[in-house]
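Owing to the predicted nature of the structure, the values given are computational and were not obtained by experimental measurement. Within every chain, numbering begins at 1; the chains are lettered A, B, ... in the order of the sequence lines, protein sequences first and strands thereafter.
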Amino acid sequence: MAKNFPTRADNYAQWYNELVIKADLAENSAVRGCMVIKPYGYAIWESMQAILDKKFKDTGHVNAYFPLFIPKSFFSKEAAHVEGFAKECAVVTHYRLKNDENGEGVVVDPDAKLEEELIVRPTSETIIWDTYKKWIQSYRDLPLLINQWANVVRWEMRTRLFLRTAEFLWQEGHTAHETKEEALVETRKILDVYADFAEKYMAIPVHKGTKSPNERFAGALETFCIEALMQDGKALQAGTSHFLGQNFAKAFDVKFLSKENKLEYVWATSWGVSTRLMGALIMTHSDDHGLVLPPKLAPTQVVIIPIYRKAEQLEQISETANKIKEELQAKGISVKFDDRDTYKPGWKFNEYEFKGVPVRFALGARDIENGTIEIARRDTLEKEIIPIDQAVDKAASLLEEIQENLYKKALKFREENTFKVDSWEEFKVQIEKGGFILAHWDGTAETEEKIKTETKATIRAIPMDGIMEEGSCVYSGKASNQRVLFARAY
RNA sequence: CGGGGUAUAGCGUAGUCCGGUUAGCGCGCCUGCUUUGGGAGCAGGAGGUCGCAGGUUCGAAUCCUGCUACCCCGACCA
């Protein structure tokens, strides 16, 4: 089966694309840069949504929904923000079509020009803060902790399924607080939620850190991020949590009366993760046989495949299979018994490997006779024949084992591909090999920019868990007191 | 927006340099029989404006001109 995928060395991008398509996750849409998320792919996104949504609610947040369209004028209120997004906005200029006078389909009706153009949201800070202004008067209205599940549009020049599409699905949290300290706590709290989700559920080890000023979100005072390493050695920003200070409060005039009866601007945060996480999931765990899903996110955790010749045999097998299915379901495990007679067993084996189903049972007439069942795990592709009365317990423990194994494997890969580098010569050689580089940086934007120009490497994060250590900048030789994380990134 | 490439059935492609029968093949699809423990075999069948528009020619998938779409590499970026 490996022949179906180009090897990683050949062309990782192609491997990735074929994987997404063959695993039935998504495909390119007729609309440039957009993707169709197919049912199986969407089911994975729903698993992610459910877990994240619960985490947000457990930390006091509530969901709401704001308009897709943002008046153009809102964007000019926060200077850095417009600077960051202006170049990639889709703009609505008209509100009506009409039949072409020459009979050539429909045309935009020039009489239906909007007085003020509408921007299709690339992110919702502006429209949300315009709304918050009306909602916040007193310290009693704070904190305001709101999350939105939505789609956004960023007119990217180059796109790739899940990793960078013109339209993508995400959640964006927007909070308002009385004090700077409280807002910072919120920013950090959400970063922890993201890191926990990545590591415990997606089985992806991440570095928590802050962005350099260059890489900061447009309009933020500080951007916290989680950064992951993909199998081809490139880094991927998996989530961000921004401390916005009072920038948006000032831009949208959001003030509250404090306990001391003073009029003050609120402190803000915003944070988000997107369908890009699907890309991270695919690129972290998949192999040449297809997708590999961590059990906690797999829409189907266990699949049972019957092997039979005649209808009578299927009947007997089904009886046993359905019993196992029910017992697994009673334990909260999602199970599919694939008794389609339109595909042969070999076909199904391959199909579920493409789709990354963690555990597979194969049950045939021979097993019924012997009181056995074959169990296979997707992560290692190992197969084992076990007594049938152990099937349920074995599946349950295997799911946990796979979840853990995937994380360990990914962590091992990241550690083997993280290098401490102290000289510029070494840096230039190492960056070609991929992976994270821990190196000293003098803290200036100029140095960062030069490193980027010369090597395409960017500062992915200034690690929060990093050890403080005296050193000299790998590029300029100037003093530095902490190593930062460099990599080429998606 | 710059540089390179591609466009032939649902998908993948041969044929294009050097114009010449009815455009060939694989996968998939449909029908029948035999099969079913790792993508089944045989037989039969359906499916094509050769990206679009002009031009050259007795004759164009093939040569020429223009256009369009997509892919890769840059700039941009969650």
Side-chain angles (χ1 to χ4, degrees), chain A residues 1-4 10-14 17-18 21-22 27-33 83-89 122-123 151-172 194 211 214-218 220 223-228 235-242 270-280 289-290 305-311 313-314 317 338-354 360-370 372-376 381 383 385 452-453 456 458 460 488-490:
Chain A
M1 278 309 96
K3 66 180 156 60
N4 282 317
D10 277 352
N11 187 341
Y12 193 85
Q14 192 187 345
N17 253 333
E18 286 192 22
I21 290 159
K22 289 199 174 181
E27 63 190 30
N28 283 306
S29 147
V31 184
R32 181 205 158 277
E83 177 84 11
F85 287 101
K87 282 175 281 183
E88 53 187 49
C89 286
T123 180
N151 56 338
V152 288
V153 168
R154 296 181 189 176
W155 213 260
E156 302 291 351
M157 302 199 168
R158 291 186 64 192
T159 57
R160 166 141 295 151
L161 295 174
F162 289 115
L163 291 181
R164 179 168 294 107
T165 42
E167 177 190 6
F168 56 94
L169 306 184
W170 77 346
Q171 60 66 215
E172 48 180 326
Y194 287 160
K211 286 290 183 191
N214 268 354
E215 302 271 328
R216 227 172 248 162
F217 175 75
T223 288
F224 293 84
C225 63
I226 52 171
E227 289 282 329
L236 185 76
Q237 179 172 307
T240 47
S241 183
H242 314 290
S270 72
W271 27 273
V273 294
S274 71
T275 37
R276 170 177 259 203
L277 286 180
M278 302 270 302
H289 296 263
I305 296 172
I307 293 156
Y308 61 96
R309 269 171 232 267
K310 297 168 197 152
Q313 284 179 326
L314 175 61
I317 291 165
D338 187 353
D339 62 351
R340 287 177 298 175
D341 61 357
T342 45
Y343 291 97
K344 296 181 61 186
W347 173 277
K348 294 176 187 172
F349 291 166
N350 281 286
E351 187 186 5
Y352 292 111
E353 272 166 25
F354 277 141
R360 182 188 72 222
F361 282 121
L363 185 63
R366 195 199 296 162
D367 290 305
I368 302 286
E369 244 171 68
N370 300 342
T372 58
I373 192 163
E374 184 191 89
I375 187 165
L381 296 168
K383 289 190 284 196
I385 297 193
K452 186 179 178 183
T453 311
K456 290 185 201 158
T458 49
R460 301 317 304 157
R488 287 186 179 155
Y490 274 101

- Query: When you measure from the side chain of A:Lys348 to the backbone N and O of A:Asp339, does any donor-acceptor pair fall under 3.5 Å?
  - Reply: no
Could you tell me how far apart [X] ([atom1]) and [N] ([atom2]) are, to the nearest whole angstrom?
| X | N | atom1 | atom2 | answer |
| --- | --- | --- | --- | --- |
| A:Tyr343 | B:G28 | OH | P | 10 Å |
| A:Trp155 | B:C1 | CH2 | P | 14 Å |
| A:Ile21 | B:C71 | CD1 | C1' | 12 Å |
| A:Asp338 | B:G38 | CG | P | 16 Å |
| A:Arg360 | B:G38 | CZ | P | 10 Å |
| A:Lys383 | B:G38 | NZ | C1' | 6 Å |
| A:Leu314 | B:U36 | CG | C1' | 11 Å |
| A:Glu353 | B:G38 | CD | C1' | 8 Å |

Applying a 4.0 Å non-hydrogen cut-off, can you work out what [X] is touching in the nucleic acid: base, sugar-phosphate, or nothing?
| X | value |
| --- | --- |
| A:Gln237 | sugar-phosphate |
| A:Ser274 | base |
| A:Phe168 | base |
| A:Leu236 | nothing |
| A:Thr342 | nothing |
| A:Ala365 | base |
| A:Asp341 | nothing |

- Does a distance-only test, which skips hydrogens and angles, find a donor-acceptor pair under 3.5 Å between the side chain of A:Lys456 and the base of B:G74? no
- Item | Residue closer to the 5' end of RNA chain B, A:Ala362 versus A:Glu156 (nearest nucleotide) | A:Ala362
- If each of A:Leu163 and A:Thr159 is mapped to the nucleotide of RNA chain B with the nearest heavy atom, which maps nearer the 5' terminus, i.e. the 5' end? A:Thr159
- Shortest side-chain distance from A:Arg309, nucleotide among B:G37, B:U36, B:A78: B:U36
- Do we see a donor-acceptor contact under 3.5 Å between the side chains of A:Asp338 and A:Tyr352?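 Their side chains do contain a donor-acceptor pair, which is all the 3.5 Å distance test asks for.
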- Query: Does the side chain of A:His242 pick up a donor-acceptor pair with the side chain of A:Ser270 at under 3.5 Å?
  - Reply: no
Using the [atom1] atom on both, measure [N] against [M] and round to a whole Å.
| N | M | atom1 | result |
| --- | --- | --- | --- |
| B:A53 | B:C42 | P | 41 Å |
| B:U22 | B:G59 | C1' | 16 Å |
| B:C11 | B:G32 | P | 27 Å |
| B:A61 | B:C52 | C1' | 14 Å |
| B:G24 | B:U35 | P | 35 Å |
| B:U65 | B:U21 | P | 25 Å |
| B:G48 | B:A14 | C1' | 15 Å |
| B:G45 | B:G3 | C1' | 48 Å |

Salt bridge (Lys or Arg N to Asp or Glu O under 4.0 Å) with [X]: which residues, sequence neighbours excluded?
| X | answer |
| --- | --- |
| A:Arg460 | A:Glu215, A:Glu227 |
| A:Arg366 | none |
| A:Glu27 | A:Lys38 |
| A:Arg488 | A:Glu432 |

- Using a cut-off of less than 4.0 Å, is there contact between a side-chain N or O of A:Arg160 and OP1 or OP2 of B:C72?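 So the side-chain polar atoms of A:Arg160 do come within 4.0 Å of the phosphate oxygens OP1 or OP2 of B:C72, strictly under.
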- Message: For B:U36 and A:Lys310 - does any side-chain N or O of the residue sit under 4.0 Å from the phosphate oxygens OP1/OP2?
- Response: no
- Determine whether more than 12 heavy atoms belonging to other residues, nucleotides or ligands lie under 6.0 Å from atom CZ of A:Arg309. no
For [X], enumerate each residue passing the side-chain contact (heavy atoms from CB on, under 4.5 Å) test, keeping only those at least two apart in sequence or located in another chain.
| X | result |
| --- | --- |
| A:Lys383 | A:Arg360, A:Glu374, A:Ala376 |
| A:Glu167 | A:Cys34, A:Asn151, A:Val153 |
| A:Thr165 | A:Met35, A:Phe168 |

Tabulated below should be each protein N or O lying under 3.5 Å from an N or O of nucleotides 40-42 of chain B; please produce it.
residue: B:A40; atom: O4'; partner: A:Lys344; partner atom: NZ; Å: 3.2
residue: B:A40; atom: N9; partner: A:Lys344; partner atom: NZ; Å: 3.4

- Query: Given A:Phe85 and A:Phe217, is the ring-ring contact (aromatic ring centres under 6.0 Å, His included) satisfied, shown in steps?
  - Reply: CA-CA 10 Å; A:Phe85 287 101; A:Phe217 175 75; 5.8 Å; yes
- Message: For Watson-Crick and G-U wobble pairs within 3.5 Å on both distances, what is RNA chain B written in dot-bracket notation, | included for inter-strand pairing?
- Response: (((((((..((((......[...)))).((((((.....)))))).....(((((..]....))))))))))))....
